[in-house]
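Just so we're clear, the structure is a prediction, and the values are computed from it rather than from any experiment. First the proteins, then the strands, lettered A, B, ... as listed; each starts at 1.
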Amino acid sequence: MTINTETAQLLKRVAAVFRVKEGDTFRYKAYINASVAIDNLSEPLVEVWKRGGLDSVPGIGENLAAYLNEYFSTGKVKHFNSLFKKVPSGMFPLMTIRGIGPITAYKIAKKFHLNEEKTAISDLKEILIKGELNKIKSFKEKTVQKIQKALNIQSFGKTRLPLYEALPIASEFIDYLIKSKYILAAEPLGSLRRKLETVGDIDFGICSSTPKKAMDYALTYSKISSVITKGGMVSHIKLINGLEADLKISLPNSWGSMLQHYTGSKLHNIHLRTITKEKGLSLSEYGITKKEKLNHFTSETKFYQFLGMDYIPPEIRENGGEIELAQSHKLPRLIELTDIKGDLHIHSDYDFESSHDLGVSSLSEIFAVAEQKKYQYVGFTDHNPKFLGLTENQKNKIILDRKKYLEAQFHAYEKRVKHRVIKLLIGMEVDIRTDGTIALSEKSLSLLDYAIVSIHSSFGLTQEENTKRIIQALSHKKAKILGHPTGRTINSREPISANWAEIFDFCAKNKKIIEINAYPTRLDLPSDLIKQAVQKGVRFVINTDSHEDSQMENMKYGVWQARRGYAEKKDIVNTFSFENLRSVLEL
DNA sequence: GCCGTTTTCGGCCCGACTGTTTTCAGTCG
């Protein structure tokens, strides 16, 4: 479990205690909001804490910042622990079951003395087998059945699905939906539409003039394993791969409002409604109510216009200041996939045994894809030779041979194409060693157009050590780009600890470029950090880190990530013409 | 507990769905 999931869960538990013991629904909501905000954060909260930025997280104020400070310093919060003593601990695991909230969980845990977290779920199963759950007043047959059903389909410890796994699942369902004559349009909503790095479940919006027929059609999709709830306009299902999905139907005249509503984020919508409520407006998935008249919207653009705002792209609807920017017409013009003019991090098929993780596609295969994408340049950056047994001269010869190999293929390509030639850059991805030196000699470096420097080992150094090694590595004049900066891999490796503000300041001052690595399991930098770096005037390059030609399609993931970080075309160097790029790389 | 262009008190998004209810509570997103 990541630090953010863990912290979000802690606050959710505190919220539950306020709900059941104090009856304090507002404090409950405050804790829930903070919990949601933390869960949506792409940067580990502990890193935010280290740089003193806790209160910049929406939903975290003075008090929560103090509690979290205690939590990260000592590993516990005394105030929270005294609250937890007021309830049986067994209620907390029960809350992870769909349909069981704080109140139901408390009733069950209290009645059956479920005081152990570890056994609470199995205890509940036993209670159900004995048929004793209806001993609780207000628990009739249907409630018992509902809990039984939820337990049967519960997938415990489920992790959020990476975006690249969720997207094809969603596309396949959408393809099915739009085949129906009753369905006019269908879109994935929620975190998938906002292009979050991981998604918890998938929401689908369905536009139809005949909702009942549309819903019946949708629910006959062959890959649905169970229908959890079924309503006229909303149903909740589980797909055979275990993923849960919500289906929401909208009439055509309110399609825009519905897209807006279910795209969220939750905190974006809450903030939007809070500030418009003061002007006598009430917002819902059906439209905007003003003076008791409901105004319908067929598009989101019209919806935001009615509120006096510019259209806010889904990728930044995270309650991070975008609403105020839209009100003052100062939203950034986010980078688009079509702005991209090249890819500077591709692994070639040059086979040298002393490297690792070689590419498999030839230059002509890579250039064929680049041609389709109308790229103007491609940069090859294989890993540096790593064998300890090699002398510097031997390594240098490898670099030279590789250069000749790529140039020979390039000349062959040049002869074939007459009209427009894609430019070739020969770089290398060079390790940043623990001590901050880079793993290639001056002589070898001089053979390269540029070096991407990346951390591939010793991820566990302290914040100070990592900051120092990165800045030192980037200080070399050939080191133009910091590759996959945090080293994180989604759902598997935590990012390294580093003082990013200091690194960003260094990069802005010394014109070093930070990579937004588009490889779907990396998506590195996280969007929160991109946003900070953009504010400091740092420039980025969006690279696919491709090891075969098909992976060049991953560029879109990097662009989405950049958009989530408020990056514009001018912030991304591989939107530049080749001449401007040359000047940025000092070639 | 959070938050602020009617700020340091007094509010706190909105609706669907379900179940146990004759008007509402709980959960979810």
Answer yes when [X] and [Y] have at least one side-chain N-carboxylate O distance shorter than 4.0 Å, and no when they do not.
X        : Y        : answer
A:Lys76  : A:Glu70  : no
A:Arg317 : A:Glu322 : no
A:Glu43  : A:Lys531 : no
A:Lys223 : A:Glu172 : yes

Under 4.0 Å from any atom of DNA chain B, heavy atoms only: list the residues of [range] that qualify, in numerical order.
range                       : result
residues 27-35 of chain A   : A:Arg27, A:Ala30, A:Tyr31
residues 42-66 of chain A   : A:Pro58, A:Gly59, A:Ile60, A:Gly61, A:Glu62, A:Asn63, A:Leu64
residues 203-220 of chain A : A:Asp203

Can you list every ring-ring contact (aromatic ring centres under 6.0 Å, His included) pair that touches [range], not counting sequence neighbours?
range                       : value
residues 206-253 of chain A : A:Phe173-A:Tyr221, A:Tyr176-A:Tyr217, A:Tyr176-A:Tyr221
residues 37-57 of chain A   : A:Trp49-A:Phe72
residues 83-110 of chain A  : A:Phe84-A:Phe92
residues 290-310 of chain A : A:Phe297-A:Phe303, A:Phe297-A:Phe306

For the backbone of [Y] and the side chain of [X], can you confirm whether one donor and one acceptor N or O come within less than 3.5 Å of each other?
X        : Y        : result
A:Thr276 : A:Leu272 : yes
A:Ser226 : A:Ile228 : no
A:Ser42  : A:Asp528 : yes
A:Glu285 : A:Tyr262 : no

Please state the [atom1] separation for the pair [N] and [M] - nearest whole angstrom.
N      : M      : atom1 : answer
B:dG10 : B:dG15 : C1'   : 25 Å
B:dC13 : B:dC28 : C1'   : 14 Å
B:dT6  : B:dG11 : C1'   : 13 Å
B:dT27 : B:dT21 : P     : 16 Å
B:dC17 : B:dC12 : P     : 25 Å
B:dT20 : B:dG26 : C1'   : 11 Å

Worksheet entry | Test log, rule side-chain contact (heavy atoms from CB on, under 4.5 Å), inputs A:Arg564 and A:Ile530 | CA-CA 8 Å; A:Arg564 290 177 45 73; A:Ile530 297 174; over 6 Å; no
Discussion item. Applying a 4.0 Å non-hydrogen cut-off, can you work out what A:Tyr67 is touching in the nucleic acid: base, sugar-phosphate, or nothing?
Written reply: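 Touches sugar-phosphate only.
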Item to complete: Would you mind classifying the nucleic acid contact of A:Ile100 as base, sugar-phosphate or nothing, using non-hydrogen atoms under 4.0 angstrom?
Response: sugar-phosphate
Discussion item. Is any side-chain heavy atom of A:Lys302 closer than 4.5 Å to one of A:Thr298?
Written reply: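 Result yes, sub-4.5 Å side-chain heavy-atom pair found.
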Practice prompt. Flag the pair A:Leu189 / A:Met258 as yes when at least one side-chain heavy-atom distance between them is below 4.5 Å, and no otherwise.
Written response: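 Touching, per the 4.5 Å side-chain cut-off.
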Provide, to the nearest angstrom, the distance between the [atom1] atom belonging to [X] and the [atom2] atom belonging to [N].
X        : N      : atom1 : atom2 : value
A:Ile97  : B:dT27 : CD1   : P     : 12 Å
A:Leu307 : B:dC13 : CG    : C1'   : 13 Å
A:Ile270 : B:dG11 : CD1   : C1'   : 15 Å
A:Gln260 : B:dG29 : CD    : C1'   : 13 Å
A:Ile38  : B:dC2  : CD1   : C1'   : 13 Å
A:Leu247 : B:dC28 : CG    : P     : 18 Å
A:Ile103 : B:dT20 : CD1   : P     : 16 Å
A:Ile108 : B:dT27 : CD1   : P     : 10 Å

Discussion item. Give me syn or anti for B:dT7, where syn covers glycosidic angles within 90 degrees of 0.
Written reply: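 It is syn.
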Taking N or O atoms only and anything under 3.5 Å, show me the protein contacts with nucleotides 14-19 of chain B, one pair per line.
| from | atom 1 | to | atom 2 | distance (Å) |
| --- | --- | --- | --- | --- |
| B:dC14 | OP1 | A:Ser282 | OG | 3.4 |
| B:dC14 | OP2 | A:Lys277 | NZ | 3.4 |
| B:dC14 | O4' | A:Arg273 | NH1 | 3.4 |
| B:dA16 | OP1 | A:Tyr286 | OH | 2.8 |
| B:dC17 | OP1 | A:Gly232 | N | 3.2 |
| B:dC17 | OP1 | A:Met233 | N | 3.0 |
| B:dC17 | OP1 | A:Val234 | N | 3.0 |
| B:dT18 | OP1 | A:Lys230 | O | 3.0 |
| B:dG19 | O3' | A:Thr143 | OG1 | 3.0 |

Practice prompt. Name the pairing partner of B:dG19, where a pair is Watson-Crick or G-U wobble with both distances under 3.5 Å, or state none.
Written response: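 Base-paired to B:dC24.
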Worksheet item: Does A:Tyr566 have any ring-ring contact (aromatic ring centres under 6.0 Å, His included) partners at least two apart in sequence or in another chain, and if so, which?
Response: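 Partners of A:Tyr566 by the ring-ring contact (aromatic ring centres under 6.0 Å, His included) criterion come out as none, since no residue qualifies.
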Discussion item. The criterion is salt bridge (Lys or Arg N to Asp or Glu O under 4.0 Å); which residues satisfy it with A:Asp246, sequence neighbours excluded?
Written reply: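 A:Asp246 satisfies salt bridge (Lys or Arg N to Asp or Glu O under 4.0 Å) with A:Lys248 only.
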Worksheet, complete the sentence: Of A:Thr274 and A:Val144, the one whose closest nucleotide on DNA chain B sits nearer the 5' end is A:Thr274
Show me the donor-acceptor pairs within less than 3.5 Å that the side chains of residues 22-30 of chain A make with the rest of the protein, sequence neighbours left out.
| from | atom 1 | to | atom 2 | distance (Å) |
| --- | --- | --- | --- | --- |
| A:Glu22 | OE2 | A:Lys86 | NZ | 3.0 |
| A:Asp24 | OD1 | A:Phe26 | N | 3.3 |
| A:Asp24 | OD1 | A:Arg27 | N | 3.0 |

Fill in: Annotated protein contacts, base or backbone, on nucleotides 4-10 of chain B with a non-hydrogen cut-off under 4.0 Å, one of B, S, - each
-------
